[in-house]
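Remarks on the structure that follows.
Values below: every heavy atom of this structure, side chains too, minus hydrogens, waters and symmetry copies.
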Protein chains: 2
Amino acid sequence: MPCLACPLRLKPAFKDKTDDEVRFIQSMKVEHRRLPPGADIIHPGQEDAELYTLFAGWAFRYQLLPDGRRQILNFLLPGDLVGLQASLLSAAQHGIEALTEVELCVFSRKRVWDLFVRMPSLSYEIAWLGSREESLIDQNLTSVGQRNAGERIAALVISLYRRADALGLVADNSFRFPLSQQQLADALGLSLVHTSKTWSRLRKAGLFSTSDGRLTLLNPRLTSRMALLYERELEPRPLI
Amino acid sequence: MPCLACPLRLKPAFKDKTDDEVRFIQSMKVEHRRLPPGADIIHPGQEDAELYTLFAGWAFRYQLLPDGRRQILNFLLPGDLVGLQASLLSAAQHGIEALTEVELCVFSRKRVWDLFVRMPSLSYEIAWLGSREESLIDQNLTSVGQRNAGERIAALVISLYRRADALGLVADNSFRFPLSQQQLADALGLSLVHTSKTWSRLRKAGLFSTSDGRLTLLNPRLTSRMALLYERELEPRPLI
DNA sequence: CGAGTTCTTGATAACCGTCAATAAAAGTGG
DNA sequence: CCACTTTTATTGACGGTTATCAAGAACTCG
């Protein structure tokens, strides 16, 4: 599919691009790749990672400790840049794994430098997207460091809900939610068992329900309050 | 002081720059500011934050919850870029506070766009520095999510030790360590009391000692092992 | 239907948080 | 320089949150 006709461009979350910019992006694209759930997109320690955007599906970034413990750092949704850190730094400290079946636009890592020389607007956007991802990780770190189990779950659900909503993936307060409890636990910094118990406690309290791999937010107000969010959320906006 | 004569340029951790690049940086610099310990460098929610580099001293980034809990996200050492996220996104989700007396080089935020247009090598380096900071936060998130109290302290000490060492600030396994126990606790996601107890347990176990605001690593091997670090650490290197 | 995975639930223990009181250190004013 | 106050660090007792162990239930998939 040509980038000019990319359906992601139509979503409100995406900035308008000039034809020149889109053509340049198209010229960097070397492949459109489809991977099954659980596939490695970037392997921990990989030195020659390409740069991707996630065209469809969900993925996550994670880091391992030598004894096997795993921390999920953040989740990636359609439109997100994948592997920027691994492309700029010479070796990935993290891995990236497909959570669902995914489609990736593969870009030539070697031409990233060319992009910085010739397309300042796109390089600015790359830096901006990097900062936005960092801001997400900041919030996860605050969650894991300061919130208790129930608050963490509420905060994660709200965060994913808002991101899905911005992509038009929410209908009737309900959206696809493909995380296993083990993945939830690794993202929240909790044990599997405690995650399961807390998760079902919040379900029974009427915050949300799940069925068929989808999550429905039944009580957004209560969930936000439990997540200890500020009333006024700061939406990231570009400077230019 | 003119940027051409900046002493930070001589440190091995810093990349060579052409005279052109340094002149451009000089032209963006609007002030050299000195602030006392505890001063706000960027206020949470601030919308017009300038861009800084930390010329001397220590600082930290933090995030607050509505009920007052605080998570310290990462520490900033001399040479670090300060406020990139706040400059690119239009409002800071975090605050930045001086930990010691600091000296800041203040750069015009409005000319950041100009930099991206005219200086691709510098914009690439900005993106690179942003990714490196994200990588640090990844590691803190993994620490807080997966390591227990002792492991977290060991990992933090090693991480700061290595960063100070790269700046030539370590002499005889000893370096300035200006954190209070409250700040330690907020960075580690632990209570003040538990931090104090674990800290003194590790001191008594001979991992390190403190006196006069300095920390001495007495047993680097044991400390690294307790921190559950990989044998082979991946040093971030630039692609170009 | 059977085998594997994922999820749930209860019992127990470890880790960590809170409360409270003391000690040490740092800042302040006479 | 010495009292005085304020902040920061230490230590013990106790309680709550979370981890671990274990077993069974529910779900998936061939």
Could you tell me whether [X] contacts a base, only the sugar-phosphate backbone, or nothing, with contacts defined as non-hydrogen atoms closer than 4.0 Å?
X: Gly150(A); value: nothing
X: Ser200(B); value: sugar-phosphate
X: Gly213(A); value: nothing
X: Ser180(B); value: sugar-phosphate

Would you mind reading off the distance between [X] atom [atom1] and [N] atom [atom2], rounded to a whole angstrom?
X: Asp186(B); N: dA9(D); atom1: CG; atom2: P; result: 12 Å
X: Arg147(A); N: dT17(D); atom1: CZ; atom2: P; result: 18 Å
X: Leu188(B); N: dC15(C); atom1: CG; atom2: P; result: 17 Å
X: Leu184(B); N: dA9(D); atom1: CG; atom2: P; result: 9 Å
X: Leu192(A); N: dC7(C); atom1: CG; atom2: P; result: 7 Å
X: Asp212(B); N: dA25(C); atom1: CG; atom2: P; result: 12 Å
X: Glu151(A); N: dT17(D); atom1: CD; atom2: C1'; result: 12 Å

Counting just side-chain N and O atoms, does [X] come under 4.0 Å of either OP1 or OP2 of [N]?
X: Lys204(B); N: dT10(D); answer: no
X: Gln181(B); N: dT10(D); answer: yes
X: Ser191(B); N: dT18(C); answer: no

Return yes if the base of dG17(C) and the side-chain atoms of Lys197(B) contain a donor-acceptor N/O pair under 3.5 Å, otherwise no.
no
Aromatic ring proximity His94(B)/Tyr62(B), centre distance under 6.0 Å:
no
Phe107(A) and Tyr52(A): aromatic ring centres closer than 6.0 Å?
no
Which nucleotide, dC16(C), dC7(C), dT18(D), lies nearest any side-chain atom of Asn148(A)?
dT18(D)
Ranking Arg203(B) and Leu190(A) by the position along DNA chain D of their nearest nucleotide, the one closer to 5' is Arg203(B)
Assess the side chains of Gln71(B) and Gln63(B): does a donor N or O sit below 3.5 Å from an acceptor N or O?
no
Looking at Asp67(B) and Arg69(B), is any side-chain nitrogen of the basic one under 4.0 Å from a carboxylate oxygen of the acidic one?
yes
Neighbour count >12 (heavy atoms, 6.0 Å) for atom CG, Asp172(A)
no
